[in-house]
Amino acid sequence: MKNRGQNFADLLLGPQGAVDALLTGIARDPDAEEVLRRVADLSNINGYAIFDRNGNEVFRSRSERYEWLLRDRPGGVSTGDKLAPSVVSQPGFWQIVYDDGESNPSVIMPLIREGRAIGFLSVVADMISERHHYQTTLARTYAVIVMIILAATCIPFALYQLRRRKIAEADARIRFLADHDTLTQLLNRRRMQEACDQLLFKIRATREDVAYLFVDLDDLSEINDSCGQARGDEILRLVARRIADAIGPDDLVARIGPDDFAVVHRRVKDRAEVVALAKLLAEIVGEPIELDDHVVSPKISIGCAMAPDHGRSHSELVKHAEIAHFHHKGDQQNALVFFEPKMDEAMHRRRQVEAHIKRAIETDGFELFYQPLVKGKDGSLVGFEALARLRDENGELIPPTEFVPIAEARGYIKALGTWVIREATRQIAEWPEPLFVSVNLSAVQFVDGDLVEIIRSALASAGIDGRRLEVEVVESLLLERSSAILDQLVALKELGISIDMDDFGTGYSSLGYLWRFPFDKLKVDQSFMKALENGEPSVKEIVATIISLAHQMKMKVTTEGVETAEQAEFLASLGCDQLQGYFFGKPLPASETVETFLVGHRKSDRFGDGARAAAVSRRVA
């Protein structure tokens with residue numbers, strides 16, 4: 001506004017002398033006035049007024065007061081307005097702008113010529129559009145600034161919050177992984193120990209009873225071998241979910257081993273409640289699972305330790321529950337087994353035996369004992385069964401019924417079985433033909449598919465034919481009717497090896513396997529001889545039927561457990577091909593076997609005089 005007023009004042013004070021004409025009215029040129037009006041219009045000046053040096057109005061281009069009546073006209077108007085003395089008396093050059101923010105602003109300033117004021121000028125300009133433009137620009141600028149501020153603050157804040165949330169999620173994930181098993185999403189062993197120790201500390205005050213259940217998924221390794229590791233993991237996840245669904249909201253469940261779970265059941269009223277929970281777990285977990293072309297029914301073994309009776313710390317409860325679980329594996333008649341103090345001694349013995357097994361595997365510490373097999377018709381020697389033996393640190397023999405199950409459970413049976421095959425074939429190669437040796441095979445030895453190659457290699461190393469080796473398998477091996485097992489049995493038979501079904505008559509459905517698998521011999525279980533000795537009815541008829549059936553199917557028969565002459569004579573009368581038992585000889589080490597049965601061996605006499613005399617003394621037919 002000041003600039004517009006100054007520019008218009010400069011025009012009035014110009015050489016045309018327009019201001020003089022307006023001040024004095026002398027030689028007023030209407031055209032000059034018109035030029036001023038046009039310049040004012042072009043400059044958006046609505047009106048202007050000239051005051052003399054005393055502040056009296058002498059010219060106004062238009063009447064603002066009576067604007068509706070008096071428009072611009074030549075000669076202007078005079079409204080009689082007068083400037084205040086305080087304004088007129090101000091020295092020098094000055095400008096006063098009045099702007100109420102609504103109407104057009106105005107400026108008052110002196111008209112100075114040659115250093116003195118010759119009058120005063122008041123200019124009213126049309127600034128509404130400029131004001132609107134300024135306000136709009138200011139508003140837009142303010143909005144942009146606000147947006148910039150928001151962008152400069154909110155975006156970093158949002159990014160900070162997003163990063164903070166991701167960090168929190170990562171921390172939560174890390175804490176979850178630290179406390180949970182990644183496969184089953186259950187608590188892990190460490191977190192279970194912490195939670196259990198906290199609970200055990202609390203029950204010192206609350207006096208509540210707590211049951212710690214050690215749950216083992218049976219035969220997971222076999223499931224992995226038959227269905228694959230991925231399917232085994234699926235079964236583990238499903239079993240974990242089933243266990244978690246079966247327990248109460250206050251109970252704890254964790255995966256504490258490859259196929260081991262732990263359940264902490266709180267507020268136990270009596271043992272019957274724990275037994276009911278174990279039955280529920282076995283029922284829920286045991287529901288069949290369909291995996292492609294396999295149907296798996298998981299089975300579990302459960303051992304239970306009660307707190308505080310069986311332990312006041314997590315480590316004690318785990319130890320005692322695991323001991324009880326091992327006993328349940330051997331006795332599945334009950335839903336679970338509760339820990340008893342005497343079990344700790346049995347577990348200590350088990351660990352000792354396991355240590356002996358491991359050391360024997362590493363140092364060839366096993367021995368082979370040989371029990372003779374004789375012809376049923378004349379008692380003459382035909383071969384031996386090789387039986388593995390293990391001694392403790394005192395040189396005492398550990399019963400096979402004790403160390404063999406432990407070797408199977410701890411994964412040593414394949415190494416043991418391989419050693420037995422190689423040692424038995426090596427030994428029989430040193431004894432005269434046509435004596436043979438018989439060895440027992442475990443189901444584990446068939447799993448990797450290398451059994452045939454192991455036996456072929458052993459025969460080649462010993463330099464003997466396959467006809468001097470017999471292998472014995474139990475019928476439980478054949479429950480799967482696996483083509484892989486059948487192929488291996490057929491391959492063994494092609495080597496000339498005799499394949500025997502051991503413990504015939506005590507299993508599941510023995511007759512069903514006689515035509516499915518290439519057996520050469522049946523071994524009648526020794527339990528029949530014990531039953532015969534006890535006078536149980538129908539035993540003789542059953543044994544006679546077994547022998548007759550085997551002969552009809554072109555198979556030989558060996559009866560185990562013969563301990564009396566009467567038993568031997570009875571079996572000989574039935575045409576039993578071979579006999580085995582204490583009546584003919586107990587298992588002996590190789591050196592004693594030679595002394596007892598093979599002393600005096602000559603090439604012309606296959607058995608030697610000592611063996612012949614011993615055979616004559618035992619001859620039963």
Trainee: Could you grab the distance from atom CZ of Phe446 to atom CG of Leu451, nearest 0.5 Å is fine?
Mentor: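 Output value for this atom pair is 5.0 Å.
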
Trainee: Are Ile300 and Pro298 close enough that some pair of their side-chain heavy atoms sits under 4.5 Å apart?
Mentor: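 Ile300 vs Pro298: side chains apart.
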
Trainee: Could you check whether Asp218 and Ser301, counting side-chain N and O atoms only, form a donor-acceptor pair closer than 3.5 Å?
Mentor: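 Yes - a donor-acceptor pair under 3.5 Å links their side chains.
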
Trainee: Within a radius of less than 6.0 Å around CD of Glu287, do more than 12 heavy atoms belonging to other residues, nucleotides or ligands occur?
Mentor: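 It does: Glu287 CD has more than 12 such atoms within range.
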
Trainee: Could you verify whether a donor N or O on one side chain and an acceptor N or O on the other, from Glu472 and Ser438, lie under 3.5 Å apart?
Mentor: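 A donor-acceptor contact under 3.5 Å links the two side chains.
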
Trainee: Check whether any side-chain heavy atom of Gln578 sits under 4.5 Å from a side-chain heavy atom of Lys521, and report yes or no.
Mentor: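 Touching, per the 4.5 Å side-chain cut-off.
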
Trainee: How close do Leu571 and Val543 get, counting heavy atoms only, and between which atoms?
Mentor: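 Scanning both residues completely, I find the closest heavy atoms to be CD2-CG1, 3.9 Å.
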
Trainee: Decide if atom CZ of Arg349 counts as having more than 12 heavy atoms of other residues, nucleotides or ligands within a radius under 6.0 Å.
Mentor: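 More than 12 heavy atoms, drawn from other residues, nucleotides or ligands, come within 6.0 Å of this atom.
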
Trainee: Would you find a donor on one side and an acceptor on the other, under 3.5 Å apart, between the side chain of Arg242 and the backbone of Val285?
Mentor: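 Side chain of Arg242 to backbone of Val285, a donor-acceptor pair under 3.5 Å: yes, one is there.
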
Trainee: Taking C-beta and beyond as the side chain, do Glu408 and Val444 meet within less than 4.5 Å on heavy atoms?
Mentor: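 No - every pair of side-chain heavy atoms lies 4.5 Å or more apart.
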
Trainee: Kindly say whether the aromatic ring centers of Phe597 and Trp431 come within a distance under 6.0 Å.
Mentor: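 No, they do not, as the ring centres are separated by 6.0 Å or more.
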
Trainee: Is a side-chain N or O of Asp465 found less than 3.5 angstrom from the main chain of Arg467, in a donor-acceptor match?
Mentor: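 No; judged by distance alone, with no hydrogens or angles, the pair does not exist.
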
Trainee: Please examine the side chains of Leu598 and Leu435, heavy atoms only from C-beta on, and report whether any two atoms are closer than 4.5 Å.
Mentor: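 Yes, side chains in contact.
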
Trainee: Determine, stepwise, if the pair Leu373 / Glu385 fulfils side chain to side chain contact (heavy atoms under 4.5 Å, CB included).
Mentor: CA-CA 7 Å; Leu373 289 92; Glu385 180 177 3; 4.1 Å; yes

Trainee: Looking only at atom types and distance, does a side-chain atom of Asp260 sit under 3.5 Å from a main-chain N or O of Asp216, one as donor and one as acceptor?
Mentor: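 Here the side-chain-to-backbone pair does not exist.
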
Trainee: Looking at every heavy atom in both Ala429 and Arg468, which two are closest together, and how far apart are they?
Mentor: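 Closest approach of Ala429 to Arg468, heavy atoms only: CA-NH1, 4.1 Å.
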
Trainee: Compare every heavy atom of His551 with every heavy atom of Gly575, then report the nearest pair and how far apart it is.
Mentor: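 What the structure gives for the nearest pair is O-CE1, 3.1 Å.
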
Trainee: Check whether any side-chain heavy atom of Phe338 sits under 4.5 Å from a side-chain heavy atom of Val275, and report yes or no.
Mentor: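 In contact.
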
Trainee: Let me confirm one number: the CG-CG distance from Asp525 to Asp502, rounded to the nearest 0.5 Å.
Mentor: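 The CG atom of Asp525 sits 7.5 Å away from the CG atom of Asp502.
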
Trainee: I'd like to know if Asp450 and Lys414 make a salt bridge, using a cut-off of under 4.0 Å between side-chain N and carboxylate O.
Mentor: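 Salt bridge between Asp450 and Lys414, a charged N being under 4.0 Å from a carboxylate O: yes.
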
Trainee: Return the minimal non-hydrogen interatomic distance between Leu579 and Cys576, and the atom names on each side.
Mentor: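 Taking every non-hydrogen atom into account, CD2-SG, 3.8 Å.
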
Trainee: Does the Arg422 side chain pair with the main chain of Thr425, one donor and one acceptor, at a distance under 3.5 Å?
Mentor: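 Judged by distance alone, no pair lies under 3.5 Å.
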
Trainee: Can you measure from OG1 (Thr593) to NZ (Lys586) and round to the nearest 0.5 angstrom?
Mentor: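 Answer rounded to 0.5 Å: 14.0 Å.
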
Trainee: Indicate the atoms forming the closest heavy-atom contact of Leu368 with Ala424, along with that distance.
Mentor: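 Leu368 and Ala424 have their closest heavy atoms at CD1-N, 3.6 Å.
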
Trainee: Would you confirm whether Thr564, through its side chain, and Gln567, through its main-chain N or O, come within 3.5 Å as a donor-acceptor pair?
Mentor: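 Checked: pair present.
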
Trainee: Keeping Glu430 on the side-chain end and Gln427 on the backbone end, is there a donor-acceptor pair under 3.5 Å?
Mentor: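 No: the side chain of Glu430 does not pair with the backbone of Gln427.
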
Trainee: Quick one: does Thr182's side chain get under 4.5 Å of Asn188's, heavy atoms only?
Mentor: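 SC-SC contact between Thr182 and Asn188 ruled out.
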
Trainee: When you measure from the side chain of His328 to the backbone N and O of Asn334, does any donor-acceptor pair fall under 3.5 Å?
Mentor: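 Yes.
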
Trainee: Going by heavy atoms in the side chains, are His265 and Cys304 under 4.5 Å from each other?
Mentor: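 Sidechains of Cys304 and His265: no contact.
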
Trainee: Hey, does Arg255 have a side-chain heavy atom less than 4.5 Å from the side chain of Leu183?
Mentor: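 They are in contact (side-chain heavy atoms under 4.5 Å apart), so the answer is yes.
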
Trainee: Is a side-chain N or O of Ser573 found less than 3.5 angstrom from the main chain of Phe570, in a donor-acceptor match?
Mentor: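 Looks like yes, one N/O pair under 3.5 Å.
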
Trainee: Is any NZ, NE, NH1 or NH2 atom of the basic residue among Glu316 and Lys319 found under 4.0 Å from an Asp or Glu carboxylate oxygen of the other?
Mentor: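 Salt bridge between Glu316 and Lys319, a charged N being under 4.0 Å from a carboxylate O: no.
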
Trainee: Hey, is Lys556 close enough to Asp577 for a salt bridge, meaning N to O under 4.0 Å?
Mentor: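 A salt bridge is absent here (no side-chain N lies under 4.0 Å from a carboxylate O).
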
Trainee: Ile413 vs Gln445, test: side chain to side chain contact (heavy atoms under 4.5 Å, CB included). Steps then yes/no.
Mentor: CA-CA 8 Å; Ile413 198 66; Gln445 293 174 265; 5.5 Å; no

Trainee: Roughly how far, to the nearest 0.5 Å, is CZ of Phe366 from CG of Leu416?
Mentor: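 Rounded to the nearest 0.5 Å, the CG-CZ separation comes out at 4.5 Å.
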
Trainee: Check this for me, if you would: do Glu354 and Arg350 make a salt bridge, where the nitrogen-to-carboxylate-oxygen distance has to be below 4.0 angstrom?
Mentor: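 No, Glu354 and Arg350 are not salt-bridged.
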
Trainee: Enter the distance from Gln352:CD to Ile406:CD1 here, rounded to the nearest 0.5 Å.
Mentor: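 With rounding to 0.5 Å, CD (Gln352) is 10.5 Å from CD1 (Ile406).
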
Trainee: Strictly distance-based, threshold 3.5 Å: is any side-chain N or O of Asp378 a donor or acceptor partner for the main-chain N or O of Ser380?
Mentor: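 Yes; judged by distance alone, with no hydrogens or angles, the pair exists.
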
Trainee: Could you grab the distance from atom CZ of Phe261 to atom CG of Leu281, nearest 0.5 Å is fine?
Mentor: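 It is 11.0 Å, given to the nearest 0.5 Å.
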
Trainee: Please determine if Glu234 and Arg231 form a salt bridge, counting it only when a charged side-chain N lies under 4.0 Å from a carboxylate O.
Mentor: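 A salt bridge is present here (some side-chain N lies under 4.0 Å from a carboxylate O).
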
Trainee: Near Glu393 CD, under 6.0 Å, is it more than 12 heavy atoms from other residues, nucleotides or ligands?
Mentor: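 Correct, the count exceeds 12.
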
Trainee: Is it the case that the side chains of Arg359 and His356 hold a donor-acceptor pair, with the cut-off being a distance below 3.5 Å and no angle test?
Mentor: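 Note: His356 and Arg359 side chains meet the donor-acceptor criterion.
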
Trainee: Using the six-membered ring wherever Trp is involved, compare the ring planes of Phe339 and His320 and label them parallel, tilted or perpendicular (cut-offs 30° and 60°).
Mentor: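 If you compare the ring of Phe339 with that of His320, the planes turn out parallel.
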
Trainee: Search all heavy atoms of Ile497 against all heavy atoms of Leu469 and return the closest pair with its distance.
Mentor: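 Residues Ile497 and Leu469, closest heavy atoms: CG2-O, 3.3 Å.
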
Trainee: Short question: side chain of Ser548, backbone of Ala544 - any donor-acceptor pair under 3.5 Å?
Mentor: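 Not confirmed, Ser548 side chain does not pair with Ala544 backbone.
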
Trainee: Where does the angle between the aromatic ring planes of Phe214 and His325 fall among parallel (under 30°), tilted (30 to 60°) and perpendicular (over 60°)?
Mentor: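 If you compare the ring of Phe214 with that of His325, the planes turn out tilted.
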
Trainee: Look at the rings of Tyr370 and Phe384 and say which category their plane angle falls in: under 30° parallel, 30 to 60° tilted, over 60° perpendicular.
Mentor: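 The arrangement is perpendicular - the two ring planes meet at more than 60°.
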
Trainee: Is Lys523 salt-bridged to Glu470, going by a charged N under 4.0 Å from an acidic O?
Mentor: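 No.
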
